[in-house]
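Please read the structure below before turning to the comments.
Keep in mind that this is a model prediction, so the values were computed, not measured. Naming: A, B, ... by sequence-line order, numbering from 1 per chain.
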Number of protein chains: 2
Amino acid sequence: MIDAELYRVFYTVAASGNISTAAGQLFVSQPAVSKSIKKLENLTGCTLFVRSSRGVKPTTEGQILFEFVKNGFEHLENGERVLKKIRNKEQGLIKVGISNTLCRYYFMPHLEAFHRRYPGIRMTIVNRTSTETLKLLEQGLIDFGVISIPQERSGFTYRELLTIRDVFVTGKEYPEIESPVALQSLSRYPLMMLEKDNVTRAYIDAYLRENQVVLQPEIEISSMDLLIEFARIGLGVALVIRNFVEEELSQGVLKEIPVHPALPSRKIGIVMPKNLQLSIAAATFIDTLSN
Amino acid sequence: MIDAELYRVFYTVAASGNISTAAGQLFVSQPAVSKSIKKLENLTGCTLFVRSSRGVKPTTEGQILFEFVKNGFEHLENGERVLKKIRNKEQGLIKVGISNTLCRYYFMPHLEAFHRRYPGIRMTIVNRTSTETLKLLEQGLIDFGVISIPQERSGFTYRELLTIRDVFVTGKEYPEIESPVALQSLSRYPLMMLEKDNVTRAYIDAYLRENQVVLQPEIEISSMDLLIEFARIGLGVALVIRNFVEEELSQGVLKEIPVHPALPSRKIGIVMPKNLQLSIAAATFIDTLSN
DNA sequence: CTCTGTCATAATCCACGGTTATAGCATGAT
DNA sequence: ATCATGCTATAACCGTGGATTATGACAGAG
């Protein structure tokens, strides 16, 4: 194989039709270019240029070669340009797996801020449950996931983002409750929770089981969105993530029912494959998430 | 711009997923490849591979770059391959300008032989008059022409191929004429010649004028083909190129009318632009024509 | 007929891509 | 556990080939 740099010299000379000019563009001396061209001619066994006192002109063979070399270097130049953009965070693609709830109540503002700051970086968001998100991660179909952290599994690294707490809330029609009530006593109310396949739900169920408490929800639904809405209109007591109803609580639209023992806090965070270099775009995003 | 050889190293490593293997393919040592990759990473500012004890795996950025570099080098490799074929005369294109008559009576066998010997080289034959052929040559639309030589014009080089002689012939119905007759006496016969725009005709006319002879043809036609055919069926006396009716004369199908003074011989040859390198294919063709 | 711009050649030089040797590290086998 | 194997990284050194400068030859333009 012929030294690719010789092709670059050839490319420059053919494009400018002038060895001296090409030398300038290549930041080398004119004899260096002359020698390179001659060397290329020897290696290919073809005369590539007709020299005259007014410059050089490619021969038929030179013209044919030029077409190929031109295309070749255009690809290389494009690659260089794209890589530069990626490095400068002007281009990229991030694929992130995240549950619907987290996406809506936690992720959205970060997403918006990031997009505003790095408009060239596109994002694909895959809304799945945490378990499925881990599967996608294993298959390399997403860059990272945002999930409830206690999903410890080997082969992944985790990074905490936020501590969340689950609470029971009611609409304002319900009476205010000041002092914590026993968990079991909540069975008097119509209870509303996420569906069983949800990690949040699983976490709560496990906790209740530990404390020998049995609570049977009357309404199970897949979206926390609707759960909050239902509580608001007074359908019953909903188990939701406190962080995501701060506003409603402070406005008094929703009221927290303190329980005893208090539900333990848990964490949400980023999960990504161990031993895998993140793309620049993904790493940048995670950085902005973390601060 | 980044040294294109670094891209070649990158290309090889990415394709094989293994620095040591790539080193073997590139015929250099493993550390040399490691250094090159690291250098490329520094220059681009991107980590391109994830190293492990089982080889290397391109990062997201590495994968993206690879797409470009792969395309780039495929073009360069194609160029190299095509040029090699051209050099080996397995590929090429020759554009030649030649008159109808010369093509049929002189060129055809050479063309066939050449094509048999170099089947990969394609030919474009442009049938025009000599004057137009010269014009095409000036415009670079043909590689060379085959014409009557006395067309001296600067800026072209000529190369003789064949000496030809013009003769008057009749069909066998006409009486045999042993001793040369005066040119002027031919006016007694119905004369048949090529049309005025033809160079052969112009040459003859000039010669006749020099000798104060006036011969008015009864039939003027553009193809020597038909001219010969007309003579054969006894329509009159045709002025044709002797070399192209050798067979008919020896078979007695046509008879030559010797004239006095004898028509001067002339030459046909190759004309090509001065100071222009011929393509390998064209040069090869001219070589086979000349021997 | 000089002047200018172009490419080729010659002599010289040193940076850099190459080499060898070795260390470090995972992984899988004994 | 321990070893063997197959990778890559690092270090130190070396020699070649691409680069430079200086100069020559040539052709066209003014």
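- One can place CG of B:L40 at 17 Å from P of C:dC16, the figure rounded to the nearest angstrom.
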Discussion item. Between B:L161 and B:L289, is the side chain to side chain contact (heavy atoms under 4.5 Å, CB included) condition met? List the steps.
Written reply: CA-CA 8 Å; B:L161 285 176; B:L289 269 194; 4.1 Å; yes
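- At whole-Å resolution of the value, CG in B:L48 and P in D:dT8 are 15 Å apart.
- Ring-centre distance between B:Y7 and B:F68: not below the 6.0 Å cut-off.
- Between A:N18 and C:dC7, a side-chain N or O to OP1/OP2 separation shorter than 4.0 Å is present.
- Contact annotation: B:S36 does not reach the phosphate of C:dG17 (side-chain N/O to OP1 or OP2, under 4.0 Å).
- What separates NZ of A:K38 from C1' of C:dA10 is a distance of 12 Å, to the nearest Å.
- The two residues A:R87 and A:I280 come nearest to each other via the heavy atoms CA-CD1, 4.0 Å.
- Taking atom CG of residue B:N42 and atom P of nucleotide C:dC16, one finds them 14 Å apart after rounding to whole Å.
- Nearer to the 5' terminus of DNA chain D, by closest-nucleotide assignment, is the contact made by A:P31 (compared with the other of A:R54 and A:P31).
- When the side-chain nitrogen and oxygen atoms of A:S29 are compared with OP1 and OP2 of D:dA19, none of them lie within a distance under 4.0 Å.
- Side chain of A:S20, nearest nucleotide from C:dT6, D:dT20, D:dA9: C:dT6.
- Position along DNA chain D of the nearest nucleotide to A:S53 versus A:Q30 favours A:Q30 as the more 5'-ward residue.
- Atom CZ of B:R8 is separated from atom P of C:dG17 by 15 Å (rounded to the nearest Å).
- We find that CD1 of A:I19 is positioned 19 Å from P of D:dA25, with the value rounded to whole Å.
- When the C1' atom of C:dT6 is taken as reference, atom CD1 of A:I37 falls 15 Å away, rounded to whole Å.
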Item to complete: Check the pair B:E90, B:R122 against salt bridge (Lys or Arg N to Asp or Glu O under 4.0 Å), reporting the backbone distance first and the verdict last.
Response: CA-CA 10 Å; B:E90 296 162 11; B:R122 301 183 54 240; over 6 Å; no
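- The aromatic ring centres of A:H110 and A:F114 sit 6.0 Å or more apart.
- Separating the NZ atom of A:K57 from the P atom of D:dA27 is a distance of 18 Å, rounded to the nearest angstrom.
- Look at B:K39 and you'll find a side-chain N or O under 4.0 angstrom from OP1 or OP2 of C:dG17.
- Residue whose closest nucleotide on DNA chain C sits further toward the 5' end, between A:K35 and A:R51: A:R51.
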